[in-house]
Number of protein chains: 2
Amino acid sequence: MPKVETAPEGRSSVERIVDFLYKEITSMRMLPGTRISETDIAGKFGVSRQPVREAFTHLANMDLILVRPKRATEVKKLSIKAIEKSRFVRAAVEAAALREAVKHCDAAAGFQLEALLALQKKALAERDYRAFSKLDYDFHKTVCDIGKVPYAFEVIREEKEKVDRLCMLGLAKEDRMPLLVEDHEEITDAIKAGDAERAVDAGMLHLTRLDDTIKSIRINSAAYFDDNA
Amino acid sequence: MPKVETAPEGRSSVERIVDFLYKEITSMRMLPGTRISETDIAGKFGVSRQPVREAFTHLANMDLILVRPKRATEVKKLSIKAIEKSRFVRAAVEAAALREAVKHCDAAAGFQLEALLALQKKALAERDYRAFSKLDYDFHKTVCDIGKVPYAFEVIREEKEKVDRLCMLGLAKEDRMPLLVEDHEEITDAIKAGDAERAVDAGMLHLTRLDDTIKSIRINSAAYFDDNA
DNA sequence: TTGTCAATTCTTGTATCCCAGATTGAATAC
DNA sequence: GTATTCAATCTGGGATACAAGAATTGACAA
């Protein structure tokens, strides 16, 4: 018998609470500045305050909430500095991954990218943003895999998550799909051509697609931001 | 009245505990695999288990300890994968920072680097590793500042801390000083010359200086490592 | 001597209680 | 009417007590 892992309705109390709050916050259902109380959450989950406290510590370490002792705990506001840092790290890692991908690209790798591109065009034609989202994820992961730097994608994903919350405020994600597919196409061509600089340039251009979104959100939703750096 | 910040003997209990354990672990006074008990630490600090638990959560999030429920908590072993990831991120960020530094370098920036170099040579001549260590820190920070990417250095520092623990096992750090200063010299020259590729190459070479150390430690101290990837 | 099993004793997880600081709003003095 | 003060109340911080799981150690039998 393989030994059942039990886990009746999740795992531990704190994990369930962390998961719940994480999703609430990153999906922007809980807006920055929202105050959350240990007691409330404890009541909502039918547990004592202790697990909630630990969950809070977790989320605080993730920079998602701000615990102000004796005052209150609230959903952390977005920080321009943090976003810029994230943006920079992502660009640096993405560039490095692309250079490695160019170095290690072979015929099979080229086909992998082309296959993903085809699927993306299909999703684009069907205006299936959900599918495209997954394919976008796969594309960048594949680039990292081709470059034999799997950890690069971990970093990219981590940094991406940090700004994903913000993008929930942006509208009309569907409109940007064609542009993104074009970018992927250019990146693929550059990698297949073995042109590292062109691949990096395309990758960097690809990243700038986010900048406008961020800028407009920053203006329209200034209340959710913290520093004005 | 400026309002005294109190803080009798530090800050909060958990912060003191985190600081203590952090130093113990990163200085390798507590070796990987060492078991630590909430009760013990609580007793040692004269507090209850609660603050200790929170401190543990912190350290677990930093990947320094491993909490195994109902079993025990122990100092986390070193992970080859984590080291490679850290190494990659650092290289990527360092490269990006160097490119930016080249872009923004002016006469004043050049003098800053030269000044640091002179101090480093002085420390080298005096075999003052402690001073050199600080100057090395300053050098890389200055590069990031020149490139107007201050957050880059934050990342570099964070990643550096992750492998610093490991370097405690290495000996004869003094012997590598001349090589490191030479590297800094080459990096400075390349930046001043406005040659981005040369600067990046020099920076990458600089990073490889660590690789031998890591490799030898990995062999000599295999017991402290986790995965054998 | 060795293998098995059970009780004991560790470990962390959770609940409950009390405490101190901070906010807030009402009452009071001006 | 305005400003100040003080107390009720809400916040998180910490201590203690209890629960549950895993490892260890001991006895006992083969």
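Each chain gets a letter, A, B and so on, in the order the sequences are listed, and its residues count up from 1.
Shown for residues 40-51 of chain A: residues whose heavy atoms fall under 4.0 angstrom of DNA chain C, namely V47(A), S48(A), R49(A), Q50(A), P51(A). Within a heavy-atom distance below 4.0 Å of DNA chain C, the residues of residues 54-70 of chain A found are K70(A).
Picking from dG14(D), dG12(D), dG13(C) the nucleotide with the shortest atom distance to the side chain of E38(B) gives dG13(C).
The side chain of T39(B) contributes no N or O atom lying less than 4.0 Å from OP1 or OP2 of dC10(C). When the side-chain nitrogen and oxygen atoms of T73(B) are compared with OP1 and OP2 of dT11(C), none of them lie within a distance under 4.0 Å. One finds no side-chain N or O of R71(A) lying less than 4.0 angstrom from the OP1 or OP2 phosphate oxygen of dG21(C).
Sorted by first then second residue, the salt bridge (Lys or Arg N to Asp or Glu O under 4.0 Å) pairs that include residues 56-67 of chain B, not counting sequence neighbours, are D63(B)-K76(B).
Take K134(B) and apply the side chain to side chain donor-acceptor pair (under 3.5 Å) test, not counting sequence neighbours, and it matches D138(B). Under the side chain to side chain contact (heavy atoms under 4.5 Å, CB included) criterion, R71(A) pairs with R68(A), sequence neighbours left out. For the salt bridge (Lys or Arg N to Asp or Glu O under 4.0 Å) test, no residue two or more places apart in sequence or in another chain qualifies with R90(A). Residues that satisfy the side chain to side chain contact (heavy atoms under 4.5 Å, CB included) test with S37(A), not counting sequence neighbours, are T39(A), D40(A).
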Would you mind writing out the side-chain donor-acceptor pairs for residues 144-152 of chain A within the sub-3.5 Å range, not counting sequence neighbours?
unit_1, atom_1, unit_2, atom_2, d
D145(A), OD2, K141(A), NZ, 3.1

In residues 46-55 of chain B, what donor-acceptor pairs under 3.5 Å come from side-chain atoms, sequence neighbours left out?
unit_1, atom_1, unit_2, atom_2, d
S48(B), OG, Q50(B), N, 3.1
R49(B), NE, E38(B), OE1, 2.9
R49(B), NH2, E38(B), OE1, 2.9
R53(B), NE, E54(A), OE2, 2.6
R53(B), NH1, E38(B), OE2, 2.9
R53(B), NH2, E54(A), OE1, 3.3
R53(B), NH2, E54(A), OE2, 2.5
E54(B), OE2, R53(A), NE, 3.4
E54(B), OE2, R53(A), NH2, 2.6

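Following rounding to the nearest Å, R53(B) (CZ) and dT16(D) (C1') show an atom-to-atom distance of 14 Å. Protein atom CZ of R16(A) is 15 Å distant from nucleotide atom P of dG13(C), rounded to whole Å.
Under the 4.0 Å criterion applied to side-chain N and carboxylate O atoms, K23(A) and D19(A) are not assigned as salt-bridge partners.
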